[in-house]
Amino acid sequence: MIREAPRLLFFTLMNELKTGAHVKRPEVVILRGRELRIEASRPVPYGADGEVEATLPVTLRVRPADLPVLYRPGTTGG
């Protein structure tokens, strides 16, 4: 997650995703877990990978073996 930061920094962070350099920035929060619920005191839009358009609250779940399908070291392509 990105803490409150200038909009321009957002684009810098997106470029840093390729190398992993973003994790060293103080504005970036790394969370680990199987389930995460994000809520807000007002309606806040959210999206996931440019495909989901909805409003908070949202509950995210990671199921066993899901992530290796998304990322396999040493392979290329979709």
Side-chain angles (χ1 to χ4, degrees):
M1 293 190 325
I2 302 170
R3 296 179 195 258
E4 189 173 333
R7 288 181 191 245
L8 201 52
L9 180 60
F10 175 80
F11 296 105
T12 301
L13 289 168
M14 293 302 105
N15 285 327
E16 291 177 352
L17 288 174
K18 299 170 193 164
T19 63
H22 66 289
V23 300
K24 296 178 181 174
R25 291 190 172 269
E27 299 88 359
V28 174
V29 179
I30 306 295
L31 302 172
R32 295 175 190 260
R34 293 185 182 148
E35 183 172 301
L36 173 67
R37 181 158 176 89
I38 303 171
E39 299 177 349
S41 59
R42 60 180 174 81
V44 175
Y46 81 92
D49 204 18
E51 298 177 11
V52 177
E53 294 183 17
T55 304
L56 296 181
V58 61
T59 300
L60 310 164
R61 292 182 187 93
V62 177
R63 298 178 300 183
D66 277 356
L67 293 179
V69 172
L70 298 173
Y71 173 73
R72 291 187 182 155
T75 63
T76 59

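- Residues Val28 and Glu16 fail the side-chain proximity criterion, which asks for heavy atoms closer than 4.5 Å.
- Within 6.0 Å of CZ in Arg34 there are 12 or fewer heavy atoms belonging to other residues, nucleotides or ligands.
- Here the straight-line distance linking atom CD of Glu27 with atom CG of Leu13 works out to 6.5 Å at 0.5 Å rounding.
- We find the NE2-CD1 distance between His22 and Ile30 to be 5.0 Å, quoted to the nearest 0.5 Å.
- Between the OG1 atom in Thr19 and the NZ atom in Lys24 there is a gap of 8.5 Å [rounded to 0.5 Å].
- Taken together through direct or relayed side-chain contacts under 4.5 Å among Ile, Leu, Val, Met, Phe, Trp and Tyr, Ile2 and Val44 form parts of separate hydrophobic clusters.
- Few gaps surround CG on Leu17; more than 12 heavy atoms of other groups in view lie less than 6.0 Å from it.
- Note that CG of Leu8 is 11.5 Å distant from CZ of Phe10, once rounded to the nearest 0.5 Å.
- Note: the hydrophobic cluster containing Val29 does not contain Leu9 (ILVMFWY, side chain heavy atoms under 4.5 Å, direct or indirect links).
- Closest non-hydrogen pair, Leu56 versus Ala40, comes out as CD1-CB, 4.0 Å.
- Atom-to-atom distance recorded for Arg61:CZ and Arg37:CZ is 9.0 Å, nearest 0.5 angstrom.
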